[in-house]
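Data block below; observations after.
Below, all heavy atoms of this structure are taken into account, side chains as well, without hydrogens, waters or symmetry copies.
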Amino acid sequence: MPFQPHRPSRLDLLAAMVRIRAYEERIVAFHAQGPFPNVCTSVGQEAAAVGVVSALGPEDQILTNHRSAGHLLARGADPGRLLAEVMGRATGYCKGRSGTLHVSARELGVLLTSTIVGGELSLAPGVALTRTMLGGEGIVVCFFGDGAACEGIFHESLNLASVWNLPILYVCENNQWQAFVHRTETMVGDPIAAWAASYGMESRVVDGNDVEAVFDAACHAAGQVRATRRPYLLEATTYRQRGHMEPHDQSYVDPAEIEAWLAKDPISRLEARLLEGGELSLQGLQAIRSEAQAVMDEAAAFALASPFPDPAELTAHVYA
Amino acid sequence: MPFQPHRPSRLDLLAAMVRIRAYEERIVAFHAQGPFPNVCTSVGQEAAAVGVVSALGPEDQILTNHRSAGHLLARGADPGRLLAEVMGRATGYCKGRSGTLHVSARELGVLLTSTIVGGELSLAPGVALTRTMLGGEGIVVCFFGDGAACEGIFHESLNLASVWNLPILYVCENNQWQAFVHRTETMVGDPIAAWAASYGMESRVVDGNDVEAVFDAACHAAGQVRATRRPYLLEATTYRQRGHMEPHDQSYVDPAEIEAWLAKDPISRLEARLLEGGELSLQGLQAIRSEAQAVMDEAAAFALASPFPDPAELTAHVYA
Amino acid sequence: MTFLTAQEAIDQALAEEMQRDSRVLMFGEGVATKRKHLLEAFGPQRVRNTPLAEGVIAGTAAGAAATGLRPVVDLLFAPFLCFAMDGIVNSAGKLGYMSGGQFQFPMVVLAMTGGGWGVGAQHNHNLEAWFVHSPGLKVVMPSTPADCKGLMKAAIRDDNPVLFFMDIGLAYAPGEVPGDGAIIPLGQAAIRRQGSDLTLISYAKTVHTCLEAAEALAAHGVSAEVLDLRSLKPLDEAAILASARKTGRVIVVHEAARLCGVGAEVAALVSERAFGSLKAPVVRITGPDAPVPSSFPLEQAFIPQVDAIVSAGLCLAGPSGTRALELQAMRGGWTPGA
Amino acid sequence: MTFLTAQEAIDQALAEEMQRDSRVLMFGEGVATKRKHLLEAFGPQRVRNTPLAEGVIAGTAAGAAATGLRPVVDLLFAPFLCFAMDGIVNSAGKLGYMSGGQFQFPMVVLAMTGGGWGVGAQHNHNLEAWFVHSPGLKVVMPSTPADCKGLMKAAIRDDNPVLFFMDIGLAYAPGEVPGDGAIIPLGQAAIRRQGSDLTLISYAKTVHTCLEAAEALAAHGVSAEVLDLRSLKPLDEAAILASARKTGRVIVVHEAARLCGVGAEVAALVSERAFGSLKAPVVRITGPDAPVPSSFPLEQAFIPQVDAIVSAGLCLAGPSGTRALELQAMRGGWTPGA
Ligand SMILES: Cc1ncc(C[n+]2csc(CCOP(=O)(O)OP(=O)(O)O)c2C)c(N)n1
Ligand SMILES: Cc1ncc(C[n+]2csc(CCOP(=O)(O)OP(=O)(O)O)c2C)c(N)n1
Ligand SMILES: [Mg+2]
Ligand SMILES: [Mg+2]
């Protein structure tokens, strides 16, 4: 019988988001200290990551892209090995070969991460095809951005997934920006969920900054995929609170837009809800935050202490 | 003031379709006689070609694909030079470099024909962009097939044309087949015109085997593009009466499907209409047919008498 | 020993491997229609038609390969690979390495190319060198039905992405194929004719051109060895160098364009590693740096010809070889039209 | 004479050419945002952002070029070209020829590549050889800000499609740029240092590595000439052959992979046309046949190093050069990790 997600407590949801935020802020801090690999942070998009990933089971598989820290951490990735990968250390999930832009962690079911925008969309049908042909309950979740939806491969991927009845939950994190271009410069009308209709595919738009709403929508969507073994497109409306990548630059963004979205910050919203409802005290909140900081201190220490890969192994892993 | 198409007489529409059919049948006859270059004929799709092209003005530009004879002949191409190109003769529209699959005739405004399925879709926005930036009344008409609509470039092309307000009339000849694959194996739901909605684009489906209906729909569609300088998608429902290419093979096609569509043959339909209405006598019909045959006799003679290109010019035209 | 065309040999290899390993499947535009016998034998799950969408066909193959299947995809004609480069090069070729070895990509990409059908430059473009230049991929381009079968079987069993290029001009030429399901390992060249004065190195259709040329050269008293590369990546460097060191004279022949082609790699390799043994410059006889014309006589002129190989061979192996050759080379070498 | 980074030099070239010719326009992902000064100077019609869709960006450039505009498109990083191959190779590179000369494609495709930023193999993959191998295209890859400006201006004025590759490692290194809007014709290599014993041939970032190596070799009494190709297609064969004939010893250096790379072409060319003048084998020092790792020390190890060039140079120019060299070559040449 298909997987049934158990509902995480609101405190757990908050803690998961806070941990992601703390991780990304640590990245930002490293940049402040000096040269550091360019990273695309997911600050502001924590609810989409936590809400969707919390609705998944151990057999499910995830494909993601260049902005993947939230997905990986929500899935249980070790922040130390993640930071180590960003820093190109041998202890990273990909032994330093990937760096920040294409972190895969097969042990977590996070597969084939590609930084080619649309790469995840091109690979997802094959992963789902294996599921379909070799059996197994799991579904495939494919995270992508509003920009990726403009790539031709979006059309090809969703069409094939529909024609072949592949169990894929497509999750579009519509964060309003595509690197240095605003979403409204690249599409007209009312995308992206609406585009699913072209493929006879069910879809829904959810407030991507409300983690509980995302969790509920993801449970429904994943349930549909499990039940029908057909694809589904979930669009999470959210916002990229920082520049496309670190070092931070939003000089090209309308400050009013930033302000409006900061007011809808997913973490602050849940915190407020919990504090109002008395489910959480200020001390409790402080505890969650400092616990996250402690985790990141440890992660940073681990990464910094980790060795770089041996150049003698430069050409290992090119061929199977 | 924008171009106004004048309405061709029904007899002219018939004659144009009969000429295309006669051309394609001549190709078939050549194949029957022995080895001949593989050609994708447009038998059964004459109404789409004649109906759309008759609605265009001299300034308008056409992009087409591997199944282009109808478009070229409707636009006034010389069947002799067309046949010569198919036969790889120096007198062909492309000096024999193209052969049948990518015939361009710039003098007729038939540009950049590509046999890469989707090539026409990738090139059309650029042609329309030139129109937009250098001025001029004309619009760009892009013929493509139902199979091309499955290529990612379809999504990219229509989206860009919409975002940039490009004056493109997209014409999808939905002939139910994509080489050896039936359309219903490659898409679900109710494509292809419906897909235009994703791009905030107007669209319409027309009976592609009724030349008058196609002409009216094309006049409306082209008028919309002229008036709004925005793209429009017209889908002509029609049928590929022969195999994907010559030599003919339809062993993989359901005979009932063929039969049903042969009953809707665009030429027979108009002939019947004209005979019933007394607009055309059997002698008149015979005259139209034999005139077309005469034209093709002359064309064939011209092509066969034409020289092959000089191998010494093998590398001419590689660079400007 | 039976007589089969290259196409039949490939179908036999596919059938045998699908029979042997249930993880092998095949899909592409028209695959289920055109390979009806495979559909009937293995069913619609393992033999599939696809929409017209090379990008996602390649990506789907990579995604399936990385997770436990062994897909073979038919992308029809080499120029269509232009829509599939991301799946092949950026995903299948790189993600194994980029993930630190977490994934493997046992997949085969089949495509036809080469002169013979007058289909023009958007159906005929010999692109094999692109994939030899790209990391993580393997490339084969056979010259006989027997090799088509043996190399296809090896390609399907290999745990890396393999590009399998079928020369259009050979597709329907019959040849002997051993019935025993023999495998031809990737990376092994074959000496098609022994010789002592000169080595002709080629692959695919032009191997036969070289054999004809060797015959003609023999009449002139020049003994030419003919080496069929079969695999372009991995390249059988040992076989190339052994023959080059033996004869001291090498001509590389292929239909693909000259610049940065496989012939450039072979010539560079020989000149670098067999320098001391070379009695004359390594000559390349290739297709011109031009799109392939459709017109039959032009298409034929595009393909390396026997007499060009013979005259180059006589220059090389003849007494005053080197001088004559450099003069000829000054005039642009033996590239048609160049 | 002013000091500019390569990026600034390219922007200057773009501004000057857009000023000169109203048919020149530029578009791509973020072009209007990142090149704000161009947007302000020339307006939103001629400086455009696009959706994320490399396929139609390339196709649109080809369609616009064929009908009277002169587009420059920024495709950001070379691996993204994998989504744009049809527009560049099948359309812009071939349709002029296939139409019997009815169309021309005056367009420029800009992309960055190369080591330095640790961005990994899906942002850094030196693909220039693919386009050298493809008909109808031209390819440049400059090594200095002055060349960036002069070659960009020439590329924009050329009536053929030009691939303009910017080496990431050079993007922000400042250099002297003549103010006079000088043009550097496509197809002209530049001798960066005169020498008599040995020729180091390279392009882009590794030209500077070669200059360092030449310095070191001079200390050992070896006089090395350094030739900067600048244009990879058309290749300045005359300059290559002249230097090779002069010194009789050639080392080709580039970051791109070895197999079927530009170095293979140069080595094959020299070995074929300057055979009589060669005193030693032509050696290639290139990046390995591997995706580019992200980790900084690995990425650095990927790039050809000065000491590798120096040791190869000493082998070549030293007395018992050839033997030592062939031994070394046996061990796989100087490709890192090979
Ligand atoms: C094929 C390709 N084109 C361009 C890029 C450069 N790039 C990296 S991320 C990005 C923006 C992607 O936007 P979106 O899909 O909305 O994801 P987001 O960054 O907003 O999370 C771009 C243009 C790329 N990596 N791959
Ligand atoms: C990119 C590409 N893929 C595959 C082909 C082979 N091919 C040529 S025509 C064709 C079918 C096209 O179907 P459709 O677009 O419906 O046009 P139709 O042939 O029905 O007119 C195919 C698969 C091609 N020429 N280009
Ligand atoms: Mg976005
Ligand atoms: Mg069709």
message = Looking at A:Tyr319 and C:Leu137, would you say the former's side chain and the latter's main chain have a donor-acceptor pair under 3.5 Å?
response =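 Looks like yes, one N/O pair under 3.5 Å.
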Chain A heavy atoms under 4.5 Å from [X]: which part of the residue, side chain, backbone, both or neither?
X: C:Asn90; answer: side chain
X: C:Ala66; answer: both
X: C:Phe105; answer: side chain
X: C:Leu25; answer: side chain

ask   = Hey, is CD on A:Glu298 packed in by over 12 heavy atoms from elsewhere, all under 6.0 Å?
value =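 No, because the 6.0 Å sphere around CD of A:Glu298 holds 12 heavy atoms or fewer from other groups.
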Would you call [X] and [Y] a side-chain contact if the rule is heavy atoms closer than 4.5 Å?
X: C:Arg46; Y: A:Met133; result: yes
X: A:Glu156; Y: C:Thr60; result: no
X: A:Leu112; Y: C:Ser91; result: no

query = Any idea which of A:Val163, A:Val140, A:Thr113, A:Leu134 has the most non-hydrogen atom pairs under 4.5 angstrom with chain C?
reply =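 Ranked by contacts with chain C, first place is A:Leu134.
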inquiry  = Quick check on the interface: out of A:Ala105, A:Gly152, A:Pro309, who has the most heavy-atom pairs with chain C under 4.5 Å?
reply    =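 The option with the most such pairs is A:Ala105.
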To check you understand the geometry: which heavy-atom pair defines the closest contact between [X] and [Y], and what is its length?
X: C:Val56; Y: A:Ser157; result: CG2-CA, 3.8 Å
X: C:Pro51; Y: A:Leu160; result: CD-CD1, 3.5 Å
X: A:Ile153; Y: C:Gly55; result: CD1-C, 3.6 Å
X: A:Ala320; Y: C:Asn160; result: N-OD1, 2.7 Å
X: C:Gly59; Y: A:Leu123; result: O-CD2, 3.6 Å
X: C:Thr67; Y: A:Leu111; result: CG2-CD1, 3.8 Å

ask   = Measuring heavy-atom distances to chain C, does A:Ala124 have an atom under 4.5 Å in its side chain, in its backbone, in both, or in neither?
value =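 Looking at A:Ala124, nothing touches chain C.
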message = What part of A:Leu129 gets within 4.5 angstrom of chain C, counting heavy atoms only: side chain, backbone, both, or neither?
response =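 Contact with chain C involves both backbone and side-chain atoms of A:Leu129.
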Out of curiosity, [X] [atom1] to [Y] [atom2], how far, rounded to the nearest 0.5 Å?
X: A:His317; Y: C:Tyr97; atom1: NE2; atom2: OH; result: 8.5 Å
X: C:Gln102; Y: A:Arg106; atom1: CD; atom2: CZ; result: 8.0 Å
X: C:Ser99; Y: A:His102; atom1: OG; atom2: NE2; result: 11.0 Å
X: A:Ser122; Y: C:Ile57; atom1: OG; atom2: CD1; result: 12.0 Å
X: A:Ser104; Y: C:Met98; atom1: OG; atom2: CE; result: 8.5 Å
X: C:Leu69; Y: A:Thr130; atom1: CG; atom2: OG1; result: 3.5 Å

task = Name the member of C:Asp86, C:Asp159, C:Leu52, C:Asp158 that forms the most heavy-atom pairs with chain A at distances under 4.5 Å.
result =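 Of the candidates given, the most pairs with chain A belong to C:Asp86.
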request  = Output the option from C:Arg48, C:Lys94, C:Gln45, C:Gln104 having the highest count of non-hydrogen pairs under 4.5 Å with chain A.
outcome  =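 Top count of heavy-atom pairs under 4.5 Å with chain A: C:Arg48.
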